[in-house]
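Contents: one structure, followed by commentary.
In what follows, every chain begins at residue 1, and chains take the letters A, B, ... in the order their sequences are listed. Quick caveat: nothing in here was measured; it's all calculated off a predicted structure.
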Amino acid sequence: MRTLTKLDAPSRETTDLDDATTRVREEQRGRIKGDGPLARDAQPHTAVSHQHAQAHESAVKHVTGRAAYIDDLKAPADCLHLALGLSPVAHGRLTRLDLDKVRAIPGVVDVVGFHDVPGHTDIGPVFPGDPIFVDEAISYAGQVLFAVAAESHRAAREAVQAAVVEIDEQPASLDPVAAAERGEFVRPTHVQQSGDLEQALAEAAHVIEAEQFVGGQEHFYLEGQACLVQPTEDEGVIVHTSNQHPSETQKLVAEVLGIPFHAVTVEVRRMGGGFGGKETQASPWACIAALVARRTGRATRVRLPRAEDMRVTGKRHPFHNRYRLGIDAAGVIQGGEITVIGDCGYSPDLSEAIVDRAMFHSDNVYSLGAARVTGHRARTHTASNTAFRGFGGPQGMMVIEAAMDEIARRIGEDPLTVRKRNFYRPGRQTTHYGQQVDQIALLEELVEQLEASSDYWARRQTITAFNAESPVIKRGLALTPVKFGISFTAKHLNQAGALLHVYTDGSVQINHGGTEMGQGLHTKICQVVARELGLDLATVRITATRTDKVPNTSPTAASSGADLNGQAARDACVRLKQRLFDFAHEHLYTDQGLDREDMRLEAGHLVAGHGESERRIPWGELVQAAYLNRISLSEKGFYATPLIHYDRATGQGRPFYYYAFGAAVAEVSVDTLTGEYQVDRVDILHDVGDSLNPAIDLGQVEGGFIQGMGWLTSEELKWNEAGRLLSDGPATYKIPTFGDLPPVFNVQLLEGHPNSMASIYRSKAVGEPPFMLGMAVWSALRDALASLADYREAPRLDTPATPERVLLAAEALRARHSDWPPVGRSDTP
Amino acid sequence: MIDFLLNGQPRHCEVTPDTSVLELLRETLGQTGTKEGCASGDCGACTVAIGETDADGRLHYHSANACITPAHQLHGRHLVTVEGLADRDTLHPAQAAMVACHGSQCGFCTPGIVMSLFTLHEAQRGDERQLPTPLTPQRLEAALGGNLCRCTGYRPIRDAALTMSEHPDVQHQWLDAAAPKPTAPAPDAPFAQPKTLAELVELRRRHPEARLVAGATDLWLEVTQRLERFERLIDVTRVTELNRIEVTTLDDGREGWWIGGAVTYSRLEPWLEAQYEPFAHLLHRLGSAQIRNRGTLGGNIANASPIGDTPPVLLALGARLWLTGPDGERELPLDDFFVDYKQTALRKGETIRAVFLPRPDTERTLKVWKLSKRREDDISAVLGAFAWTLDDGVLRDVRLAFGGMAAIPKRAHAAEAALEGQPPTPAAFQAARLALGDDYQPMSDVRGSAHYRQLSAANLLERLRLVMAQETTDSPREVMLHAYAH
């Protein structure tokens with residue numbers, strides 16, 4: 001007979017029962033009912049001292065070096081190491097690939113290429129177009145030609161160099177605008193339209209028109225692409241991978257090997273950063289390693305050296321945007337036309353949805369009126385550009401934020417005034433794709449609060465006065481808002497599952513379909529479970545994400561991790577709770593009976609009844625009693641987001657369950673002689689509904705802002721004329737570092753605004769929305785530069801706004817607006 | 001064979017000359033807490049602390065990038081990694097503060113950040129007779145600028161740095177213990193560590209094919225990025241003569257110092273603060289703490305990169321080189337050293353023994369301005385170094401040198417001529433700016449276009465004029481950003 005663990009924990013709880021009971025009771029009473037199934041906290045939170053501000057579940061492991069990443073996993077001693085043979089040219093035909101010399105190198109165990117693949121050779125994630133190895137056609141510099149497996153990483157890398165590769169090189173197409181003009185697209189063009197834009201333009205007081213280039217961005221996750229594949233005793237593999245989408249990797253590995261999905265198990269404990277770069281682009285390495293693992297019967301490891309990682313994987317899409325907008329005398333948009341061209345690289349990857357999201361966000365928080373938004377997906381000979389925090393949204397928003405500055409200069413008003421006039425408002429509440437923006441009052445309040453807390457208007461006066469007196473240093477100020485739509489626009493991805501186990505010592509294990517990449521998802525899920533089951537956070541442990549625990553999962557992307565998986569975990573808890581309540585009602589205290597109504601789990605107890613008749617059963621005892629009475633202590637949960645739909649045929653629908661909002665004020669100083677600048681102060685107010693964990697959410701807001709600022713300022717991708725990436729390491733690609741943290745950085749979460757939709761505890765998604773707060777820095781740079789033209793002109797400032805771009809913009813303005821002697825340009829060879 | 005202490009434990013390992021500390025840790029010793037982020041010394045994920053004993057017998061810990069540090073240089077040293085800080089379940093203050101401040105998200109950069117915080121903490125603890133130095137923004141930047149974090153945006157890391165002293169200290173006995181007495185390597189060891197210049201000269205004579213290594217901050221990229229193998233290396237970091245800073249008077253009567261070729265930037269920084277503040281400020285922006293702790297002045301010169309940070313400054317200051325080779329010793333003005341792209345006047349077997357810096361002249365002014373995409377830990381797009389004397393309202397002995405404008409660090413002789421003997425008027429400077437077109441035909445690359453380089457170099461001369469005007473007229477107008485001026 002099985003014996004149960006002796007429990008000593010429950011009695012511990014009873015000593016301070018009164019305090020705990022009082023607190024929990026108050027909390028319970030303080031909850032308000034929403035219109036959905038979920039109540040919310042009434043207590044306002046103050047960032048990190050808040051009751052839910054728990055540390056990251058792996059924090060201690062992070063700081064002690066015990067948190068294991070893929071390359072830290074121990075593998076069998078005979079584990080093979082892979083290195084990739086990459087195309088040195090961007091476009092051409094592979095005419096000869098002789099790998100005999102590679103095979104002959106000591107330490108080399110296997111060499112694989114296109115013809116060694118038993119199953120599918122196309123590993124395109126959504127649409128076909130991504131060959132696992134080049135067969136003949138070479139489409140970008142860095143495309144994988146072959147792979148070498150050797151006894152050591154170094155031996156594999158050295159062996160790659162012995163390959164004889166002959167390529168019939170052809171001119172590379174690197175200009176997405178030219179590609180779009182020639183109709184070279186990876187996916188068809190999509191249009192969203194509402195109202196009669198020609199009429200709006202004809203009747204407008206002014207028409208403003210401009211174009212912009214918005215640069216791409218390298219993910220620069222600190223842990224590069226990596227996986228470890230072990231063959232199983234049957235035809236399958238176990239894949240350990242740094243990966244945002246284990247289910248898709250499972251599918252692709254199975255297809256490449258030509259085996260059923262159930263033979264492949266994919267496990268992700270954590271990633272050393274993802275940011276979208278491991279949503280689709282972590283799979284190829286797993287597929288190649290799985291191929292080698294099956295061929296050799298040996299565990300196989302891949303880790304891409306940084307420069308290869310940067311050359312091989314896609315990035316945030318660069319965009320070329322154009323707008324033509326009609327405005328009235330007050331600067332209010334009446335209607336017009338926006339065209340965005342996403343530079344997709346050589347294949348579709350996720351570009352359909354990414355350019356869609358750029359279109360969905362080309363309004364940001366502003367009513368476009370009668371508008372047509374067109375999105376092109378240009379094909380070029382670069383790596384296939386992919387998901388990156390914001391997923392096209394940031395590139396779309398840049399169009400309308402550029403227009404706001406332009407309108408302000410045209411009508412001679414402050415850019416903030418113009419922005420506020422154009423906000424979605426009563427009567428102008430519907431987007432160009434037909435969705436109602438419901439929290440317009442929240443947006444207004446958020447911006448007003450920030451305007452006041454950042455002292456915007458007083459600083460505006462100071463800055464204008466300073467600039468009038470200062471010939472070289474110019475200061476700029478800008479407030480830019482953000483509205484970001486939450487849901488996958490591919491409807492079927494808006495589902496999630498969870499698996500909850502309770503063991504007979506009362507400890508709880510939760511597993512769900514989301515992956516941990518630093519965003520604190522696992523911490524939040526543990527908090528949801530602890531909250532539902534009335535337990536200490538320490539009682540709940542999360543395990544690695546695995547396709548054999550929760551199947552058919554969606555990528556951890558679109559900021560949806562906590563929204564979807566939190567609900568699924570809660571669903572599992574609610575189901576288990578109901579079962580335990582039924583059990584307790586029927587089997588415990590059978591003499592008096594426990595009141596089934598209002599039975600609850602709190603502070604480590606099942607509590608039934610109130611006052612005199614209250615009965616409390618410690619969690620551990622409840623669990624053991626349930627086990628002995630043959631009640632299942634395991635449960636699965638599921639969630640599918642309601643209400644959302646979008647019709648691509650009409651370009652209309654309600655693609656988003658809700659919107660998340662935020663705004664940032666940035667102040668910068670620019671040296672107009674050199675283009676150097678510094679960010680002097682940033683104030684942020686961001687909407688996360690009722691925060692699941694204010695400390696983690698604050699981290700997302702701050703980190704997102706800095707990453708967005710980097711995208712728009714120092715992070716410059718450069719290719720040479722032949723299409724080879726030049727900025728292929730941290731020496732040449734500059735993400736923000738410690739000194740880029742603004743000296744004054746006031747970041748607050750908006751309080752008192754629960755989500756209007758029934759999200760998990762009325763929280764809001766926080767992964768992506770804060771990224772776009774970085775636009776404030778770019779707009780502030782334009783504001784500083786505009787002072788050179790006495791604020792009569794909004795300078796064109798493509799991104800990233802490097803010191804070079806800032807200087808050239810300053811020189812262009814000076815050439816038109818002052819008698820500053822021409823420097824440099826005339827004496828340039 | 002090397003002997004060192006790893007987190008207090010004696011280790012005795014066999015390594016090849018081209019093994020890095022990171023490879024040794026992760027692949028041989030199975031210590032995977034230290035991460036590889038870039039294998040080029042630019043991200044800081046692999047930061048470790050290396051303890052060595054100074055001339056006064058005090059043990060100092062400095063941060064280093066394990067990915068580009070030769071394992072052999074651990075011989076006779078302490079190596080402290082993230083695994084060694086906590087005392088069982090008690091976290092070191094650097095760790096406890098990171099947890100308390102929510103300083104880790106994905107956690108991959110965290111071990112490196114913890115180690116940079118550890119060295120900062122050790123420096124604060126440092127000498128008990130001294131008060132800890134205040135953690136100014138500049139000091140924090142200097143300590144943490146070489147650790148990239150892609151998740152947090154650095155605010156919580158800043159808070160961790162500022163609050164770690166509030167956490168109870170974890171004081172391992174071994175932190176202050178003497179390192180193992182290194183056994184002298186065999187004279188013909190493939191990784192030779194000579195102690196005297198004579199030994200160095202002799203080794204180079206015997207092994208003319210051997211490469212020299214000091215900080216390895218550039219050399220090691222050949223291993224990690226280009227997969228070169230080194231059969232034999234000669235380490236100059238332990239050569240006594242190369243580590244001296246000596247007062248001297250040259251034959252021409254100029255007073256100054258001979259700075260040994262293996263003196264690190266970190267050692268130079270505080271020293272230069274007192275002598276040439278603008279030069280010291282430049283060093284604060286050269287690489288990261290991890291790089292400055294290892295990179296040497298001699299290496300920066302011998303490397304002869306057109307975008308090296310110190311050569312333009314040394315050209316503007318009229319530096320000289322003291323070279324030691326198989327045929328004896330000679331002196332050379334730095335003006336004659338850079339011949340063509342990555343080519344120098346060094347003869348076979350010659351080593352930069354020392355660099356002469358003149359004693360600052362109160363009549364002369366030095367300005368150094370570096371332009372880069374990112375303020376910290378970035379390589380120059382353009383670097384201008386300017387020295388002059390204002391004699392009775394007229395510019396004398398004007399020396400203008402630029403990096404990033406030609407195949408070598410190079411003086412702007414035409415622009416110098418345009419200013420020489422002139423009062424600092426707008427007209428004179430406009431002539432100098434135009435003359436730069438004769439001095440340089442820069443190229444376009446990943447760091448900037450030719451046009452930007454030409455334009456910004458010319459504008460640095462305009463800044464120079466404004467600075468001179470500011471100094472003479474006491475004008476309160478800002479002519480440069482304070483972030484770049486400190």
Practice problem: For residues F738(A) and L140(B), determine if any side-chain heavy atom of one lies less than 4.5 Å from a side-chain heavy atom of the other. | Solution: yes

Quiz item: Quick one: of S456(B), G33(B), S104(B), who has the most non-hydrogen atom pairs under 4.5 Å with chain A?
Solution: S104(B)

Quiz item: Atom CG in L741(A), atom CD1 in I157(B): separation rounded to 0.5 Å?
Solution: 9.5 Å

Quiz item: Regarding E702(A) and T152(B), is there a side-chain donor-to-acceptor distance under 3.5 Å anywhere?
Solution: no

Practice problem: Any chance you could measure D671(A), atom CG, to E478(B), atom CD, to the nearest 0.5 Å? | Solution: 10.0 Å

Self-check item: Contact summary for C149(B) and I735(A), nearest pair of heavy atoms
Solution: O-CD1, 4.4 Å

Quiz item: Are R463(B) and E676(A) close enough for a salt bridge, meaning some N to O gap below 4.0 Å?
Solution: yes

Quiz item: Under 3.5 Å, is there a donor-acceptor pair between the Q105(B) and H62(A) side chains?
Solution: no

Exercise. Measure the spacing between OG1 of T672(A) and CG of N459(B) and express it to the nearest 0.5 Å.
Key: 8.5 Å

Exercise. Find the distance between OG1 (T674(A)) and OH (Y484(B)) and round it off to the nearest 0.5 Å.
Key: 7.5 Å

Practice problem: Side chain from CB out, backbone as N, CA, C, O: work out which of these in A67(A) comes under 4.5 Å of a heavy atom of chain B, or both, or neither. | Solution: backbone

Quiz item: When rounded to the nearest 0.5 angstrom, what is the spacing between CD in Q161(A) and CG in L227(B)?
Solution: 5.0 Å

Exercise. Check each atom of D309(A) against the heavy atoms of chain B and say whether the ones under 4.5 Å are side chain, backbone, both or neither.
Key: neither

Quiz prompt | chain A contact via I113(B) - which portion, at a heavy-atom distance below 4.5 Å | solution = neither

Quiz item: Relative to chain A, which segment of V114(B) carries a heavy atom at a distance below 4.5 Å: side chain, backbone, both, or neither?
Solution: side chain

Quiz item: Which region of D445(B), side chain (C-beta onward) or backbone (N, CA, C, O), has a non-hydrogen atom less than 4.5 Å from a non-hydrogen atom of chain A, or is it both or neither?
Solution: backbone

Practice problem: Step by step, work out the side-chain contact (heavy atoms from CB on, under 4.5 Å) result for I473(A) and L481(B). | Solution: CA-CA 7 Å; I473(A) 305 301; L481(B) 299 171; 3.8 Å; yes

Quiz prompt | Any side-chain heavy-atom pair of V60(A) and V99(B) under 4.5 Å | solution = yes

Exercise. Heavy-atom pairs under 4.5 Å with chain A are the metric here; pick the option from R26(B), E83(B), R447(B), H92(B) that has the most.
Key: R26(B)

Self-check item: Engaged part of S372(B) at the chain A interface, taking heavy atoms whose separation is under 4.5 Å
Solution: backbone

Quiz item: Are any of the side-chain heavy atoms of L148(B) and F220(A) separated by less than 4.5 Å?
Solution: yes

Quiz prompt | Residue part contacting chain A, namely of R453(B), when any heavy atom lies under 4.5 Å | solution = neither

Quiz item: Should K35(B) and D72(A) count as an ion pair when the cut-off is N to O under 4.0 Å?
Solution: yes

Self-check item: Side chain / backbone / both / neither for R229(B) at chain A, heavy atoms under 4.5 Å
Solution: both

Exercise. Heavy-atom distances under 4.5 Å only: say whether K74(A) touches chain B with side chain, backbone, both or neither.
Key: side chain

Quiz item: Under a 4.5 Å cut-off applied to non-hydrogen side-chain atoms, are L455(B) and L808(A) in contact?
Solution: yes

Practice problem: Output the distance between atom NE2 (H102(B)) and atom CD1 (I696(A)), rounded to the nearest 0.5 Å. | Solution: 8.0 Å

Self-check item: Which portion of R154(A) sits near chain B, non-hydrogen atoms under 4.5 angstrom
Solution: side chain

Practice problem: Tell me, for T34(B) versus chain A, whether the close heavy atoms (under 4.5 Å) come from the side chain, the backbone, both or neither. | Solution: neither

Quiz item: At a heavy-atom separation under 4.5 Å, does H219(A) approach chain B through its side chain, its backbone, both, or neither?
Solution: backbone

Quiz item: Salt bridge or not for E36(B) and R303(A), using N-O below 4.0 Å?
Solution: yes

